[in-house]
Visitor: 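The structure under discussion is supplied below as structure tokens; questions concerning it will follow.
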Amino acid sequence: MKRLLSTISSEVFPFDRIEEFAGNGESLEVEMDGLATARTRSGRRIWERFAEFLPVAIDGEISLGEVDTPLLPAGKSLCDYAGIGRLLLKNETLSPTWSFKDRGSLTSIAMARQMGESVTATISTGNMGNSIAAYAARAGIRAVVFVPRYAPLEKIRAMAIHGATVVRVTAPDYSVMKREVLGLAAGLGLRVVSGNGPIRAEGYKLAAFEMYEQLEGKVPDFIAVPTSACGHIRGIFKGYRELLAAGLTDRLPRMVVVQAANVNPVVSAIREGRDRIVPVTGKETVAEAITSVDPPGGDEIVLKARQFGWLAEDVTEGEILEAQRRLGLEGYFVEPAAATSLAAVSKLRAAGKIGGEDLVILMLTGSGLKDMGVFARRRVEIIESDLRNIRGEMEKILATSHRKR
Ligand SMILES: *Cc1c(COP(=O)(O)O)cnc(C)c1O
């Protein structure tokens, strides 16, 4: 048996309830019986191996070949920068549409198909819409995506490439746009999936299961997650709660809630010891993928942080760009939102909240190639040459090639 539970007041709803949130605005999560005896199976895909932990069957036909994304130790320069010796990078940019959103799209599109839906709609600053567009295309479902003006063109065009109907909306800010679109859609009977629905969170659990396998059952001390709608962080944590419930692990990791200082409704509530988030107004950040100024479901994260001893940190625009630069110099080109986790754990280490011996995982949530607009704010050096000057340039390069960085 399975059901939906509201995540603060534990109100019970039937599993096939269509809405993304409880009537009182709380986020919902799936509760399944039998987890204590759930076991892994053999299979090539993570959703095959952990099928007993998932509330919806994944039909291989809608798969875009999700891979187990790499979990690798950071190199020396990043470890030195963060002051953390055991720093691991979970590279979600290797997902089919280059962000972790694909894990949630896999389960939510599987669910949409099971319910016989012919249209699926979402509101997105980019990655969510891009991912839904691709998975809907694969499953033969029409995707409609509402995007704000500032969504990067790379992401918007990718949605259109997959045949999605893309509506770019001019509005004072993202939350106003969301409210208007959601209100109209409800009236017209168009279901809009959010970044924090219960079925998406089920997909995000897969990252926890994968890391469990990759670390051979070892649970990290901290997992840092750039947070916006709050679906990703709670999904990963739910995965670890279920591993514990099944007796496969003996403890839980502590999550690190990471936001941009300019858009930090969840982090500021945790820091100030409030129960409820207060919407942020009138600010933007270069990390456009984490710009939910008033995430429904944010209060759950605040409560969980207190209950489970999570950490929270926000990072400035300059710190974000510096972290993106440092990751690039180690071979990872991530978008600004993804780089926030590196900047945040460095600050938490410096403040003594993370220990130098702790095992820390950074979720690299999305690819840098999907947001080239950031280079209006960040200069990269390119040498201009023509065929006459190129010999001189080569000589200069060779003369300085003993120097590193
Ligand atoms: C969506 C997204 C996030 C935030 O995840 P939420 O589930 O909305 O909290 C972080 N980074 C990137 C690159 C994203 O696309």
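The first residue of the sequence shown is numbered 1, and numbering continues consecutively from there.
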Visitor: Report yes or no: do Lys370 and Asn127 form a side-chain donor-acceptor pair below 3.5 Å?
Guide: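 Yes, Asn127 and Lys370 have a side-chain donor paired with an acceptor closer than 3.5 Å.
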Visitor: Would you say Glu393 and Ser385 are linked by a side-chain donor-acceptor pair, where the criterion is simply a distance under 3.5 Å?
Guide: no
Visitor: List for me each residue that meets side-chain hydrogen bond (donor to acceptor under 3.5 Å, both in side chains) alongside Asp250, sequence neighbours excluded, and say none if there are none.
Guide: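 Asp250 satisfies side-chain hydrogen bond (donor to acceptor under 3.5 Å, both in side chains) with no other residue.
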Visitor: Applying the salt bridge (Lys or Arg N to Asp or Glu O under 4.0 Å) test to Asp68, which of Lys90, Arg45, Arg49 qualifies?
Guide: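 Only one option passes, and that is Arg49.
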Visitor: Could you tabulate the donor-acceptor pairs under 3.5 Å formed by side-chain atoms of residues 289-296, not counting sequence neighbours?
Guide:
residue: Thr291; atom: OG1; partner: Tyr150; partner atom: OH; Å: 3.1
residue: Thr291; atom: OG1; partner: Glu288; partner atom: O; Å: 2.9
residue: Ser292; atom: OG; partner: Ser228; partner atom: OG; Å: 2.8

Visitor: Using the ring-ring contact (aromatic ring centres under 6.0 Å, His included) criterion, which residues pair with Phe146? Sequence neighbours excluded.
Guide: none
Visitor: In chain order, what residues pass the ring-ring contact (aromatic ring centres under 6.0 Å, His included) check against Phe209, with sequence neighbours excluded?
Guide: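 In terms of ring-ring contact (aromatic ring centres under 6.0 Å, His included), with neighbours along the sequence ignored, Phe209 is linked to Phe50, Phe53.
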Visitor: Taking side-chain contact (heavy atoms from CB on, under 4.5 Å) as the criterion, tell me which of Ser63, Pro96, Ser108 meets it with Tyr135.
Guide: Pro96
Visitor: May I ask you to decide if Val286's main-chain N or O and Glu317's side chain share a donor-acceptor pair within less than 3.5 Å?
Guide: yes
Visitor: Please state whether the rings of His232 and Phe100 are parallel, tilted or perpendicular, taking 30° and 60° as the class boundaries.
Guide: parallel
Visitor: Hey, could you give me each pair passing side chain to side chain donor-acceptor pair (under 3.5 Å) that has a residue in residues 351-361? Not counting sequence neighbours.
Guide: none
Visitor: Mind running salt bridge (charged side-chain N to carboxylate O under 4.0 Å, His left out) on Glu66 and Arg103 for me, showing each step along the way?
Guide: CA-CA 8 Å; Glu66 306 75 28; Arg103 298 184 186 275; over 6 Å; no
Visitor: Taking ring pair (Phe, Tyr, Trp, His ring centres under 6.0 Å) as the cut-off, I'd like each qualifying pair that reaches into residues 16-38, sequence neighbours left out, listed once.
Guide: none
